[in-house]
Novice: 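The structure is given below, and queries will be raised subsequently.
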Amino acid sequence: MEYKQWNNILAHKELIKGKECKQYLREHLYNTAVYAQNLGEPIGLGAMCKLIGLIHDIGKASDRWQCYINKTVASAGDHSSIGGYFIQFFLYTEIKNRISAKDVKKYNLYNEFLIYPILAHHGLYDIIKTENELPEYWTKARIEKIKKNILQQPELKEFFEVLNEWSKEWFEEDLVAIYQAGFHEFFVWIPKIEKLAMQSAINDKLSAYDFYCG
């Protein structure tokens, strides 16, 4: 797909009072990123929230989803997991060879905080899922499952580069820079969480820490 054509892919299309209304993905991702950033800045998480807004709906860039929104196919599958995959396997991959072994654990936690709201933004965590009647770490399962879809849809990889260019145009920062800024914001909060856990009435401080992370 030519670069200019990415401006014409849809995020939403619906009838309002008998009139067809469209919102393009470029507009939707920008608006969501700015809105999320404004919500996050008062608590020091503006970059982190901006990144979540930018990434949350990138699955809609797939040809399959565009067919779905234009009603040429009945279903497009799970589009929200795509953003979670790109956090872990594109953004994190860009920096993981440059960080210390000590920081790997920190980034793993940070990635979870980014991935969860992206995967959950259509309520897909409202019900506990099981696989063969056993509890399953559903985030990991969804990311693994979506990997196959991405390999079958090369336009999604191409769109990641397009979004990176849009980000530089809108915010004068590429996606990796926003990802890194969000990491530094997030870890200002970790000592606060640890302090809450230590002050908790729960005897198991590790469980208290996990609770406050939640």
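It should be emphasised that the depicted structure is a prediction, and the values quoted were computed from it without experimental measurement.
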Novice: Please find the pair of heavy atoms, one from I99 and one from K96, that lie closest to each other, and give the distance.
Specialist: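 Residues I99 and K96, closest heavy atoms: CG1-O, 3.3 Å.
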Novice: Could you see if F89 belongs to whatever hydrophobic cluster contains Y179? Use Ile, Leu, Val, Met, Phe, Trp, Tyr and a side-chain cutoff under 4.5 Å.
Specialist: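 F89 clusters together with Y179.
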Novice: Please say whether more than 12 non-hydrogen atoms of neighbouring residues, nucleotides or ligands are located less than 6.0 Å from CG in N203.
Specialist: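 Not buried by this count: 12 neighbours or fewer within 6.0 Å.
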Novice: Do I69 and K60 make a side-chain contact, defined as non-hydrogen atoms from C-beta onward lying under 4.5 Å apart?
Specialist: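 No, every pair of side-chain atoms sits at 4.5 Å or beyond.
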Novice: For residues V188 and F186: do they belong to one hydrophobic cluster (side chain heavy atoms under 4.5 Å, members Ile, Leu, Val, Met, Phe, Trp, Tyr)?
Specialist: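 They do not share one cluster, since no chain of ILVMFWY contacts under 4.5 Å joins V188 to F186.
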Novice: Begin with the C-alpha distance, continue with both residues' side-chain angles, and end with the deciding distance and a verdict on side-chain contact (heavy atoms from CB on, under 4.5 Å) for Y212 and S200.
Specialist: CA-CA 10 Å; Y212 284 111; S200 171; 4.3 Å; yes
Novice: State, to 0.1 Å, how close I55 and F160 come at their nearest heavy-atom pair, and which atoms those are.
Specialist: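 Shortest heavy-atom contact: CD1-CE1, 4.5 Å.
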Novice: Does atom NZ (K192) have a neighbourhood of more than 12 heavy atoms from anything else shown, all under 6.0 Å?
Specialist: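 Counting other residues, nucleotides and ligands, NZ of K192 exceeds 12 neighbours.
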Novice: Is the ring pair W65/Y68 parallel, tilted or perpendicular, if the boundaries are 30 and 60 degrees?
Specialist: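 Perpendicular.
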Novice: Do D174 side-chain atoms and A177 backbone N/O form a donor-acceptor pair below 3.5 Å?
Specialist: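 Yes; judged by distance alone, with no hydrogens or angles, the pair exists.
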Novice: What heavy-atom pair brings A181 and A47 nearest, and what distance separates the two atoms?
Specialist: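 Smallest heavy-atom distance, with atoms named: CB-CB, 3.8 Å.
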Novice: Out of curiosity, Q5 CD to N8 CG, how far, rounded to the nearest 0.5 Å?
Specialist: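 Separation between the atoms: 7.5 Å.
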Novice: Measure from the side-chain N and O atoms of N164 to the backbone N and O of L175, and report whether any donor-acceptor pair falls under 3.5 Å.
Specialist: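 Yes, the answer is positive, given that a donor and an acceptor are paired below the 3.5 Å cut-off.
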Novice: If the test is side chain to side chain contact (heavy atoms under 4.5 Å, CB included), which one of L156, I82, I9 qualifies with S62?
Specialist: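 That would be L156; it is the only one of L156, I82, I9 passing the side chain to side chain contact (heavy atoms under 4.5 Å, CB included) with S62.
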Novice: Calculate, to the nearest 0.5 Å, the distance between atoms CD and NZ belonging to E20 and K13 respectively.
Specialist: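 With rounding to 0.5 Å, CD (E20) is 4.5 Å from NZ (K13).
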Novice: Tell me which donor-acceptor pairs under 3.5 Å the side chains of residues 28-41 have, and how far apart each pair is, sequence neighbours excluded?
Specialist:
unit_1	atom_1	unit_2	atom_2	d
H28	ND1	Q23	OE1	3.1
H28	NE2	H56	NE2	3.2
H28	NE2	D57	OD2	3.0
N31	ND2	E27	O	3.4
T32	OG1	H28	O	2.8
Q37	NE2	E41	OE2	3.2
N38	ND2	V34	O	3.3

Novice: Can you tell me if Q66 uses its side chain to pair, donor with acceptor, with the backbone of L10 under 3.5 Å?
Specialist: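 Flag set: sc Q66 to bb L10 pair under 3.5 Å.
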Novice: As a test of understanding, state which of N111, I178, V176, L114 forms a side chain to side chain contact (heavy atoms under 4.5 Å, CB included) with L91.
Specialist: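 Only one of N111, I178, V176, L114 forms a side chain to side chain contact (heavy atoms under 4.5 Å, CB included) with L91, namely V176.
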Novice: Quick one: CZ on F211 to CG on D204, what's the gap to the nearest 0.5 Å?
Specialist: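 It comes to 13.5 Å.
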Novice: Does K195 NZ have over 12 foreign heavy atoms under 6.0 Å away?
Specialist: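 No, the 6.0 Å shell around NZ holds no more than 12 heavy atoms from other groups.
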Novice: With heavy-atom distances below 4.5 Å as the criterion, would you say the side chains of W170 and R26 are in contact?
Specialist: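 Answer yes - side chains close enough.
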Novice: How long is the gap from CD1 on I115 to OH on Y92, to the nearest 0.5 Å?
Specialist: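 The OH atom of Y92 is 11.0 Å from CD1 of I115, to the nearest 0.5 Å.
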Novice: Quick one, E155 with Q153, criterion side-chain contact (heavy atoms from CB on, under 4.5 Å). Give me CA distance, side-chain angles, the key distance, then yes/no.
Specialist: CA-CA 5 Å; E155 70 274 11; Q153 299 178 80; 3.5 Å; yes
Novice: Out of curiosity, Q180 CD to E94 CD, how far, rounded to the nearest 0.5 Å?
Specialist: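 That separation rounds to 10.0 Å.
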Novice: Can you list the steps and then say if F113 with M48 is a side-chain contact (heavy atoms from CB on, under 4.5 Å)?
Specialist: CA-CA 9 Å; F113 273 75; M48 188 175 171; 3.5 Å; yes
Novice: Taking only residues two or more places apart in sequence, or in another chain, which ones meet F183 in a ring-ring contact (aromatic ring centres under 6.0 Å, His included)?
Specialist: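 F183 satisfies ring-ring contact (aromatic ring centres under 6.0 Å, His included) with Y107, Y110, F187 once adjacent residues are dropped.
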Novice: Could you walk me through whether F159 and L25 satisfy the side-chain contact (heavy atoms from CB on, under 4.5 Å) test, starting with their C-alpha distance in whole Å, then the side-chain angles of each, then the deciding distance to 0.1 Å, before giving a yes or no?
Specialist: CA-CA 11 Å; F159 181 69; L25 189 59; 3.7 Å; yes
Novice: Restricting to non-hydrogen atoms, name the atom on I118 and the atom on G84 that form the minimum distance, rounded to 0.1 Å.
Specialist: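 Nearest pair, atom of I118 first, then G84: CG2-N, 3.8 Å.
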Novice: Nearest 0.5 Å, what's the CD1-CD1 distance between I58 and I87?
Specialist: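 Reported to 0.5 Å precision, the distance equals 8.0 Å.
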Novice: Closest heavy-atom contact between W166 and N7?
Specialist: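 Nearest pair, atom of W166 first, then N7: CZ2-OD1, 3.5 Å.
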Novice: Ion pair present between K50 and E185, side-chain N to carboxylate O less than 4.0 angstrom?
Specialist: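 Result for this pair is no, no salt bridge flagged.
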